[in-house]
Amino acid sequence: MNIAIDGPAGAGKSTVAQKVAGQLEYVYIDTGAMYRALAWGVSHEQLPISDESAVSALLKNNKIGLVRQAGRQRVFWNDIDVTDQIRSTEVSQYASIVASYGPVREQMLVLQRQLAEQGNVVMDGRDIGTHVLPDAEVKIFLTASSRERAERRWKELREKGTETDLAELEKEIEERDRRDTQREVAPLRQAEDAVLVDTTGMSIEQVVDHILQICERTG
Ligand code: C5P
């Protein structure tokens with residue numbers, strides 16, 4: 001069985017997907033991290049982000065790795081561990097720009113399907129249920145209000161010792177959502193056969209339990 005979890009920025013997809021994968025002993029694949037790694041590469045190589053063919057060639061000539069180490073997923077750009085660096089605001093915005101390029105998405109689709117070939121994966125992103133794994137047995141569309149998503153991110157950053165402006169965070173999230181839903185290739189949208197889970201006001205545990213119940217009904 002494969003499980004696809006899609007939804008807008010900051011809906012808690014990766015936290016929830018990781019926990020669901022852990023409970024079911026499935027492999028977790030974070031496709032957002034792949035776009036983030038490419039965005040990091042663009043910045044590292046000082047390429048102009050607007051140069052679609054240069055960005056696409058960069059992906060072709062480099063390797064993105066998702067490696068499980070000590071129970072955590074680590075992200076590599078060739079042999080550089082970029083796990084922590086790809087979470088910056090700049091990389092987030094850059095990721096949604098490189099993700100709007102058709103030739104980039106075509107390559108990512110091939111890589112992501114290869115990763116899912118083993119079966120029993122939980123994959124999260126924006127187009128998993130609609131494009132990458134259209135035959136996934138379980139499809140979830142995870143969302144929450146943009147204010148709540150910004151508040152969660154704000155709390156997460158504060159716990160790490162970074163003070164940020166909540167309104168600014170909400171604006172950034174909305175900007176990324178706008179880019180992800182309005183792009184021409186594989187825009188963010190709920191697959192027709194996906195179950196909508198609005199997590200506003202729900203705890204992580206409640207969301208995980210809810211998804212596990214949906215999986216149980218399907219399996
Ligand atoms: O999920 P995350 O916020 O890490 O994703 C970063 C960016 O990568 C998103 O804003 C989106 O533009 C892009 N993305 C995508 N398709 C996916 C996963 C991520 O376009 N399947």
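The figures that follow rest on heavy atoms only: side chains count, while hydrogens, waters and symmetry mates do not. Along the sequence shown, the residues carry numbers beginning at 1. Counting convention: from 1, in listed order, for ligands and their atoms alike.
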Problem - Any N/O pair D127/ligand 1 closer than 3.5 Å - result: yes
Exercise for the section: Please indicate whether any nitrogen or oxygen in R36 is less than 3.5 Å from any nitrogen or oxygen in ligand 1. Expected result: yes
Practice task
Give yes or no for whether the N/O distance cutoff of 3.5 Å, strictly under, is met between R183 and ligand 1.
Solution key: yes
Exercise for the section: Using atom types as modelled and distance alone, determine if a side-chain donor or acceptor of T218 lies under 3.5 Å from a backbone N or O of I214. Expected result: yes
Handout entry: Worked verdict on T181 versus R189 for side-chain hydrogen bond (donor to acceptor under 3.5 Å, both in side chains)
Key = CA-CA 7 Å; T181 47; R189 65 176 176 80; over 6 Å; no
Fill in the blank from the handout: In this structure, atom 5 (O) of ligand 1 is nearest to the protein heavy atom G32 CA, 3.5 Å
Practice task
Please confirm whether the backbone N or O of S203 pairs with a side-chain atom of Q206, one donor and one acceptor, at under 3.5 Å?
Solution key: yes
Problem - E172 and R176, any side-chain heavy atoms less than 4.5 Å apart - result: no
Problem - ligand 1 N/O within reach of T31 N/O, cut-off under 3.5 Å - result: yes
Fill in the blank from the handout: Here the gap from R217 atom CZ to L212 atom CG, rounded to the nearest 0.5 Å, amounts to 11.5 Å
Completion exercise
Taken to the nearest 0.5 Å, the spacing of R36 CZ from T83 OG1 works out to 12.0 Å
Exercise for the section: Looking only at protein heavy atoms, identify the closest one to atom 8 (O) of ligand 1 and say how far it is in Å. Expected result: Y35 CB, 3.5 Å
Handout entry: Top protein contact for atom 13 (C) of ligand 1, by heavy-atom distance
Key = A99 CB, 3.7 Å
Practice task
Return yes when atom CZ of R113 has more than 12 non-hydrogen atoms of other residues, nucleotides or ligands closer than 6.0 Å, and no otherwise.
Solution key: yes
Practice task
Below 4.0 angstrom from a heavy atom of S96, which ligand 1 atoms are there? Numbered from 1 as shown, please.
Solution key: 10 (O), 12 (O)
Fill in the blank from the handout: In ligand 1, the atoms that come under 4.0 Å of a heavy atom of D180 are 9 (C), 10 (O), 11 (C), 12 (O)
Handout entry: Closest to atom 20 (O) of ligand 1 (judged by heavy-atom distance), picking from M34, R126, R105
Key = R105
Practice task
May I ask you to check if ligand 1 and R176 share an N or O to N or O distance below 3.5 Å?
Solution key: yes
Fill in the blank from the handout: Here the gap from S96 atom OG to Y35 atom OH, rounded to the nearest 0.5 Å, amounts to 11.5 Å
